[in-house]
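What's counted below: heavy atoms across the whole structure, side chains too, no hydrogens, waters or symmetry copies. Numbers restart at 1 for each chain; the letters A, B, ... are given by sequence-line order, proteins then strands.
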2 protein chains.
Amino acid sequence: MARRRQAVTIRHVAADAGVSLQTVSRVINKEPNVRPEMMQRVQESIARLGYVPSIAAQRMSGSRSYLILALNDRERTIADWRSRQGADWVDQMLLGGMLTCAEHGYRLIIELVDTHSDHIERELAGAIAALQPDGVILTPPHSENALITGLLDRHGISYARIGSLAPGGFALTMDDDNAARLATEHLVALGHRRIGFIAGPSDYELSGWRVTGWRRAMAAAGLATDDLLAEGDFSFASGRDAAQRLLDSPAPPSAIIASNDQMALATLALLRTRGLDVPRDVSLVSFDDTPIVRFTHPALTAIVQPIAEVAARAVELIIAERAGRATPDGPTVVPAGLVVRGSTAPPRDAMVVEEERG
Amino acid sequence: MARRRQAVTIRHVAADAGVSLQTVSRVINKEPNVRPEMMQRVQESIARLGYVPSIAAQRMSGSRSYLILALNDRERTIADWRSRQGADWVDQMLLGGMLTCAEHGYRLIIELVDTHSDHIERELAGAIAALQPDGVILTPPHSENALITGLLDRHGISYARIGSLAPGGFALTMDDDNAARLATEHLVALGHRRIGFIAGPSDYELSGWRVTGWRRAMAAAGLATDDLLAEGDFSFASGRDAAQRLLDSPAPPSAIIASNDQMALATLALLRTRGLDVPRDVSLVSFDDTPIVRFTHPALTAIVQPIAEVAARAVELIIAERAGRATPDGPTVVPAGLVVRGSTAPPRDAMVVEEERG
DNA sequence: ATGAAAGCGCTAACAA
DNA sequence: TTGTTAGCGCTTTCAT
């Protein structure tokens, strides 16, 4: 294989336009101090020759690599891919992040990192040394990882943390407390009074926010939350256990909100096993709205996480900072939504009351 | 932002080990002509300093960028991501391709390209100029695109074509004809004699292979295929139309094989609309085995496409070629499998016969 | 507002 | 087997 060189370089453009390399560079980088007529002449040459700057060369001399790294948990991501259960977190990140990158001439590279802390610094340091990314997007459960943020701070690489409100970098959330409130209010409006909540693990900061949202909405409706909270770890098995605890309590809930899809599916399966109908006997709301919850029977009412949009915003923040544009001080909150499907209905007793009335 | 430089460069390593830059370079690239003791000394320095070569610099001087591009159809990919129907093609590509890349120090970058031919050359030429990838993986329907392969040939970039048997680059298939044969034989073994086939669009070469596999298996079983073939374009709507044609024929099939999941789901929905039970009245087999077909009622018997493995093999072929290792001449065929679920059963008449016997 | 020179980190070609 | 030299394509100084 011959040594591969750039077909068209800045040199060709400079020669074609009859200007110096610098002028071309200035045009490429939209720098000031170029007369409009010069700029146009150069841009015409660029278009005519089909010139595209080499990212490698830009990185070599300048400070930009036009690369943004999206860090995802290795174990969980690979497990999701292998199990083919329809989790589409990475796809949604790509949808929002990659397309937004493309708009600005950047590329998004998915990078998997081990949670195990021995590896994490070496791995990330290696990726940084190899790629010299202009920015890094952190996703749960790494958004709060001080080892990671410390490393990035030391390297002067800007980063965005999805699902975090901590200072340092750009914090973005998907409005978790509000989302839980939405789900709770939906059930309250249907007439439910005992609404159980299956929380996620506490190493995800957003788990707490969701509990808070549920608690607040319950309190606002004058409802108690004692004995109505169970914690899982986002896995199917833990969801089943949590649901079991809720259902076995002296006064079981007439509706359950699960903090993610796997735990909601586990709850659905358990309810079916016990001969309980959804939504007639128990209503069920899921977080995430990954593809599969549309295909269960009944399809699940779910909180829609705006993953694509939050990824897009994260990219925009990183690029804006590098471009020297103003960026917000506080966290960016992208609102979540609620999709009502077949798994929520008025509780049994409420229906009886209605029937008695009628 | 300060001009960001490499923290540890080849220079530091050379100084630390007391050798020349070139010797370090040779060790990094596993080149010959380095004494084992030298090599070890250098490797120790590399480990101690935590040195990782800059991909940008490697690309600048050498011929390798350690980047592999995976080309996917823009429109279809974005539609899949947005619709959140569980299509996990990209995930499976990442699972196989990215992890294999990582093993060899490469990175996989997903690149979306427009099918529209005006754009395709400019876009790809731009991506090549910007990234100078060491290899490109083509996926259907671009695997056979002469505009693309011509451009890659001219640039001397090695490429792999998934779902193609054409010469030029590395051809890989997922054993489509055999897969269709498997599905057909499964139905034949259950006692079906009229097995309908919904083909994919003809711009996907693999559509034809699947039809061939079905035809051969039918012929081998002594069964006719007249009036049992309908063509769709992989979309839900086209699947419904095709299923309609099959079911409205004078002698409708007792089993249907659909060339992808969307068309299978459409067939399932149509059958339900017509009050036909799956699998009691009609058996149904899908291609692809994307996540959702496990959650339909009944779950669908499906051909499992080894997307991850074929992506892994594609990456390996590209890397092997660049490393000067031997590569196979012919196409690489990765076998597909069949997962039997609830959508296939003996046909009604066969059951009647059995009942009469019993 | 424009240009010339220096060098980023690394490897290919050549020399020793 | 090892080291030296000359760039790769671009952006940063610093001149003009």
How many Å lie between CZ on Arg64(A) and P on dT11(D), as a whole number?
-> 8 Å
Those residues at least two apart in sequence (or on a different chain) that pass side-chain hydrogen bond (donor to acceptor under 3.5 Å, both in side chains) with Glu316(A) are none
Here the ring pair (Phe, Tyr, Trp, His ring centres under 6.0 Å) pairs for residues 95-142 of chain A, sequence neighbours left out, are Tyr66(A)-Tyr106(A), His116(A)-His119(A)
In short, salt bridge (Lys or Arg N to Asp or Glu O under 4.0 Å) pairs touching residues 88-106 of chain A with sequence neighbours left out are Asp88(A)-Arg84(B)
side-chain hydrogen bond (donor to acceptor under 3.5 Å, both in side chains) with Gln58(A): which residues, sequence neighbours excluded?
-> none
Round to the nearest Å and state the distance from Leu131(B) atom CG to dG9(D) atom C1'.
-> 15 Å
Respond yes when some side-chain nitrogen or oxygen of Thr23(A) is under 4.0 Å from OP1 or OP2 of dG3(C), and no when none is.
-> yes
Any chance CD of Glu44(A) has more than 12 other-residue heavy atoms, nucleotides or ligands included, within less than 6.0 Å?
-> yes
For residues 155-174 of chain A, the salt bridge (Lys or Arg N to Asp or Glu O under 4.0 Å) pairs (sequence neighbours left out) are none
Without hydrogens or angle criteria, can the side chains of Glu144(A) and Ser164(A) be said to hold a donor-acceptor pair below 3.5 Å?
-> yes
Go through Asp73(B) and Thr115(B) one step at a time and tell me if the side-chain hydrogen bond (donor to acceptor under 3.5 Å, both in side chains) criterion holds.
-> CA-CA 7 Å; Asp73(B) 186 58; Thr115(B) 308; 2.3 Å; yes
Which part of the nucleic acid does Gln22(A) contact within heavy-atom distance under 4.0 Å: base, sugar-phosphate only, or nothing?
-> base
Between atom CD in Gln6(B) and atom P in dT11(C), what is the gap in whole Å?
-> 12 Å
DNA chain C-proximal residues of residues 32-48 of chain A, any heavy atom under 4.0 Å = Asn33(A), Val34(A), Arg35(A), Met38(A)
Residue set satisfying side-chain contact (heavy atoms from CB on, under 4.5 Å) with Ala79(B), at least two apart, ordered chain then number -> none
Just how far, in rounded Å, is C1' of dC8(C) from CE of Met60(B)?
-> 9 Å
Minimum-distance nucleotide (side-chain atoms of Glu31(B) versus dA12(C), dC8(C), dT11(C)) = dA12(C)
Out of dG9(D), dT12(D), dT2(C), which nucleotide sits closest to the side chain of Arg26(A)?
-> dT2(C)
Phosphate-side-chain proximity, Ser54(B) and dC10(C), N/O vs OP1/OP2 below 4.0 Å = no
Hey, is the side chain of Gln58(A) poking within less than 4.0 Å of OP1 or OP2 on dT11(D), counting only N and O atoms?
-> yes
Residues from residues 7-21 of chain B lying under 4.0 Å of DNA chain D - heavy atoms = Val19(B), Ser20(B)
Return each pair, listed once, that meets side-chain hydrogen bond (donor to acceptor under 3.5 Å, both in side chains) where at least one residue sits in residues 9-21 of chain A; pairs must be two or more places apart or across chains.
-> Thr9(A)-His12(A), Asp16(A)-Ser45(A), Asp16(A)-Arg48(A), Ser20(A)-Thr23(A)
Can you list every salt bridge (Lys or Arg N to Asp or Glu O under 4.0 Å) pair that touches residues 115-133 of chain B, not counting sequence neighbours?
-> Arg74(B)-Glu123(B), Glu121(B)-Arg154(B)
Are Tyr51(B) and dC10(C) close enough that a side-chain N or O sits under 4.0 Å from OP1 or OP2?
-> yes
Between atom CZ in Arg59(A) and atom P in dT11(D), what is the gap in whole Å?
-> 12 Å
Just how large is the angle between the end axes of the helix from dA1(C)-dT16(D) to dA16(C)-dT1(D), five pairs per end, to 10 degrees?
-> 30°
When the distance from CD of Gln132(B) to C1' of dC10(D) is rounded to whole Å, what number comes out?
-> 13 Å
Mind checking side-chain hydrogen bond (donor to acceptor under 3.5 Å, both in side chains) for Ser143(A) and listing every partner two or more places apart, or none if nothing turns up?
-> none
